[in-house]
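The block underneath contains the structure these notes are about, expressed in structure tokens.
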Amino acid sequence: MKLLDHIYATPAENLACEEALLELAETSGGEGVLRFWESPDYFVVVGYSNKIATEVDVEVCRADGISIYRRCSGGGTVLQGPGCYNYALVIPAPSENVTETNRFIMERNRAAMEKLLGMPVNVQGFTDLTADGRKFSGNSQRRKRRYVLFHGTFLYKFDLALIAKYLRMPSKQPDYRQSRPHTDFVRNIVVTPAAIREAMLAAWGVTGRMESLPAIDAAKYNSAEWIWKF
């Protein structure tokens, strides 16, 4: 597996890169790629089929200049920005079954984080990583015929109060949430992005670098037609 060590300037470009990596792998093959990035600015990103008006306080976002984007994978809506470390993993699909793929990837991520943090880490709600019952990592996947994109976040120094300011209570909640408000449901982990990066590189056996950048379609991720499609 190879590392793509490049961060684009905007959320739209970074989101487009993740889809481009999946498309490239599907057409060209290879053992896989892992990538990390973090935004210096706050923004909201909704899952592919999310309805923005249901999940996001649009008026507050507009008043504060918080941009809204849509990603190519499923899952829920998240606020990103400083203190939220992103990863994207593209690998040959380990199973034709979505649940089995979730289990395979999440268990490896879980073990890596447990070793790094030195405390019990659990997989809850299909693709959440939790410590002491509170979520610090959310994840989702996008599948093609041969490859899968699995990407997610790690909260390490995030302003958690902002989540409740810009996001509504999610329309779909895992049972373990028990209707807890955002500030009681999520947490930061006390670790650096560099440590997260090294733990993930080791867990996925990254041994080389991807030298060329994929061709991305940032215009798609900036377009109102894509963002407001639901």
Side-chain angles (χ1 to χ4, degrees), residues 7-23 37-88 98 102 124-129 135-144 148-155 158-187 216-230:
I7 300 175
Y8 291 88
T10 67
E13 291 173 305
N14 284 296
L15 293 170
C17 178
E18 298 181 352
E19 183 177 23
L21 289 173
L22 176 61
E23 297 293 344
W37 62 283
E38 181 176 351
S39 174
D41 302 310
Y42 292 103
F43 68 96
V44 169
V45 59
V46 300
Y48 175 78
S49 61
N50 288 168
K51 294 181 179 180
I52 291 178
T54 301
E55 311 295 335
V56 183
D57 193 324
V58 176
E59 294 306 315
V60 175
C61 286
R62 284 174 174 164
D64 288 358
I66 302 297
S67 298
I68 301 171
Y69 298 91
R70 184 178 301 275
R71 63 179 182 269
C72 67
S73 62
T77 297
V78 296
L79 178 69
Q80 294 201 25
C84 178
Y85 197 52
N86 295 275
Y87 80 94
V98 172
N102 284 341
Q124 293 186 269
F126 303 113
T127 58
D128 292 348
L129 289 181
K135 175 181 175 180
F136 67 84
S137 174
N139 304 270
S140 61
Q141 68 169 285
R142 164 87 184 277
R143 300 176 64 86
K144 302 290 283 186
V148 61
L149 162 66
F150 204 93
H151 53 182
T153 59
F154 295 101
L155 300 177
F158 196 70
D159 188 343
L160 302 179
L162 292 179
I163 301 174
K165 181 177 183 181
Y166 298 118
L167 303 186
R168 304 187 190 280
M169 285 291 286
S171 58
K172 295 182 180 180
Q173 300 181 26
D175 292 340
Y176 84 96
R177 180 167 184 152
Q178 298 180 326
S179 298
R180 284 179 287 174
H182 294 296
T183 51
D184 293 337
F185 177 60
V186 297
R187 60 164 292 171
I216 66 171
D217 184 7
K220 169 184 173 179
Y221 283 84
N222 276 317
S223 72
E225 182 180 5
W226 169 259
I227 295 170
W228 295 92
K229 65 189 305 176
F230 298 115

Do the non-hydrogen side-chain atoms of [X] and [Y] ever get within less than 4.5 Å of each other?
X	Y	value
Trp226	Tyr69	no
Glu38	Cys84	no
Phe158	Ile163	yes
Ser171	Lys51	no
Tyr42	Pro82	yes
Asn139	Phe126	no
Lys135	Arg180	no
Phe150	Thr127	yes

Please step through side chain to side chain contact (heavy atoms under 4.5 Å, CB included) for the pair Leu129 and Phe154, ending with a clear verdict. CA-CA 9 Å; Leu129 289 181; Phe154 295 101; 4.2 Å; yes
Do Glu18 and Trp37 pass the side-chain hydrogen bond (donor to acceptor under 3.5 Å, both in side chains) test, and can you show the C-alpha distance, the side-chain angles, and the key distance before you say yes or no? CA-CA 11 Å; Glu18 298 181 352; Trp37 62 283; 2.7 Å; yes
Which atoms form the tightest heavy-atom contact between [X] and [Y], and what is the distance?
X	Y	result
Arg177	Pro170	NH1-CG, 3.4 Å
Leu79	Leu167	N-CD1, 3.7 Å
Gln80	Val45	NE2-CG1, 3.7 Å
Ile227	Arg70	O-NH2, 2.8 Å
Ser140	Arg71	OG-NE, 3.4 Å
Ala12	Ala218	CB-O, 4.0 Å

Inter-residue atom distance [X].[atom1] - [Y].[atom2], 0.5 Å rounding:
X	Y	atom1	atom2	result
Ser67	Asp41	OG	CG	8.5 Å
Lys144	Leu22	NZ	CG	6.5 Å
Ile68	Trp228	CD1	CH2	4.5 Å
Cys72	His151	SG	NE2	5.5 Å
Gln141	Leu149	CD	CG	9.0 Å
Leu160	Asp184	CG	CG	10.5 Å

Arg168 vs His182, test: side-chain hydrogen bond (donor to acceptor under 3.5 Å, both in side chains). Steps then yes/no. CA-CA 9 Å; Arg168 304 187 190 280; His182 294 296; over 6 Å; no
Report the C-alpha separation of Lys220 and Glu19 in whole Å, then their side-chain angles, then the decisive distance to 0.1 Å, and conclude whether the salt bridge (Lys or Arg N to Asp or Glu O under 4.0 Å) test is met. CA-CA 11 Å; Lys220 169 184 173 179; Glu19 183 177 23; 3.0 Å; yes
Are more than 12 heavy atoms, taken from residues, nucleotides or ligands other than Lys172, located less than 6.0 Å from that residue's NZ atom? no
Is the distance between the ring centroids of Tyr176 and Phe185 under 6.0 Å? yes
Side-chain donor or acceptor of Thr153 paired with backbone N/O of Asn86 under 3.5 Å: no
Over 60° means perpendicular and under 30° means parallel, so tell me whether Tyr48 and Phe230 are parallel, tilted or perpendicular. perpendicular
